[in-house]
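Structure, as structure tokens:
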Amino acid sequence: MNSLSPYQLRQQIRTGLLSGQTSGLASGYVQCNMAILPQSWAAEFLLFCQRNPKACPLVAVSEPGQFLLPELGKDIDLRTDLPGYRIFRHGKLTDEVQNISALWQEDLVSFLIGCSFSFEDALIAAGLEIRHISEGKNVPMYNTNLPCVPAGRFSGTMVVSMRPMKPADAIRAIQICSRFPAVHGAPVHFGAPEAIGIFDLRSPDYGDAVSIQQDEVPVFWACGVTPQAVIAQAKPEFCITHSPGHMLVTDLLNTSLASF
């Protein structure tokens, strides 16, 4: 799978041959989180993303009913090209599926949000280990007490992803990720997880736990799963998101998102 192009990966996903998480795949290419809402909720969610760019950095927004996004890649179909989708009804997770074609509605607006998997390429290129990749796991993600800026019916707290690093590597990661604000940018916290409301790193709210060595500290980035937490609180009648770790792999190069 690591040798496949983004287009080839999407074809594998579309035919059901790939249903796992996408971390470490299509090196060098932008991956996106996704949230899909009825048009009656879209303006408020757009404002929420604009007010919370660390957690919800927008890469693209569709027109109502649009499921083809050629600006993100060849033959991209948002209904079929993510390996996992979550269905929410009135704020409750009701199902996880691999295809949403039968659920599509003409008033749905899709939000594609930058993903931390994109900046991991830059960290690996700098010689930093990404623990969940080396252990073959999904990145661990946690709910926090860090408040988001409300917008209309949307409010809540930030979800973060965590990567353990030695302190010197954490400083280097801050320097590297500051170049990529479109995919969450620099970490929001490191060390002392209890300071942001996390009390057991062995029990992530999403993803998988990873090993942390004695000389390492947990480093936390804002995470694109944040919309799932605020959507659950806002309780729209219908919503579709990606399954955590199961991203849209685009044809955009990560370097195209670097700010300097």
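Only this structure's heavy atoms are used, side chains among them; waters, hydrogens and symmetry mates stay out. When a residue number appears, it is its place in the shown sequence, counting from 1.
A heavy-atom distance below 4.5 Å is found between the side chains of Ile212 and Met162. Looking at Glu216 and Met165, their side chains never come closer than 4.5 Å, going by heavy atoms from C-beta outward.
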Review point. After noting the C-alpha distance and the side-chain angles of Ser155 and Gln233, does the key distance pass the side chain to side chain donor-acceptor pair (under 3.5 Å) rule?
Key: CA-CA 7 Å; Ser155 63; Gln233 184 164 311; 3.0 Å; yes
Review point. Which is it for Gln31 and His242 under the side chain to side chain donor-acceptor pair (under 3.5 Å) test, yes or no, and what are the steps along the way?
Key: CA-CA 12 Å; Gln31 298 194 30; His242 69 289; over 6 Å; no
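Checked for salt-bridge contact, Arg86 and Glu96 meet the test: a charged N lies under 4.0 Å from a carboxylate O. Looking at Asp169 and Arg163, no side-chain N of the basic residue comes within less than 4.0 Å of a carboxylate O on the acidic one, giving no salt bridge.
The two atoms that bring Phe220 and Leu201 nearest to each other are CZ-CD2, 4.0 Å, heavy atoms only. Gly224 and Asn33 make their closest contact through CA-ND2, 3.5 Å (heavy atoms, listed as atom of the first residue, atom of the second, distance). In terms of heavy atoms, Pro204 sits closest to Tyr142 at CA-CE2, 3.4 Å.
Between the side chains of Asp121 and Ser27, at least one donor N or O lies within less than 3.5 Å of an accepting N or O.
Applying the 6.0 Å contact sphere to NZ of Lys166 captures no more than 12 heavy atoms from other residues, nucleotides or ligands.
For Phe238, the ring-ring contact (aromatic ring centres under 6.0 Å, His included) test picks out no residue, with sequence neighbours left out. Partners of Phe88 under the ring-ring contact (aromatic ring centres under 6.0 Å, His included) rule, at least two apart in sequence or in another chain, do not exist in this structure.
A distance of 12.5 Å separates CD of Gln8 from CG of Leu25, quoted to the nearest 0.5 Å. Distance check: Tyr29 OH to Thr255 OG1 gives 9.5 Å after rounding to the nearest 0.5 Å. Put simply, CD1 on Ile176 and CG on Leu128 are 5.0 Å apart, with the number rounded to the nearest 0.5 Å. With values rounded to the nearest 0.5 angstrom, Trp41 atom CH2 is found 9.5 Å from Ile231 atom CD1. Atoms CD and OG, on Gln228 and Ser243 in that order, are 7.5 Å from each other to the nearest 0.5 Å.
In this pair, Phe48 and Phe154 present their aromatic rings tilted. The plane angle is within the 30 to 60° band.
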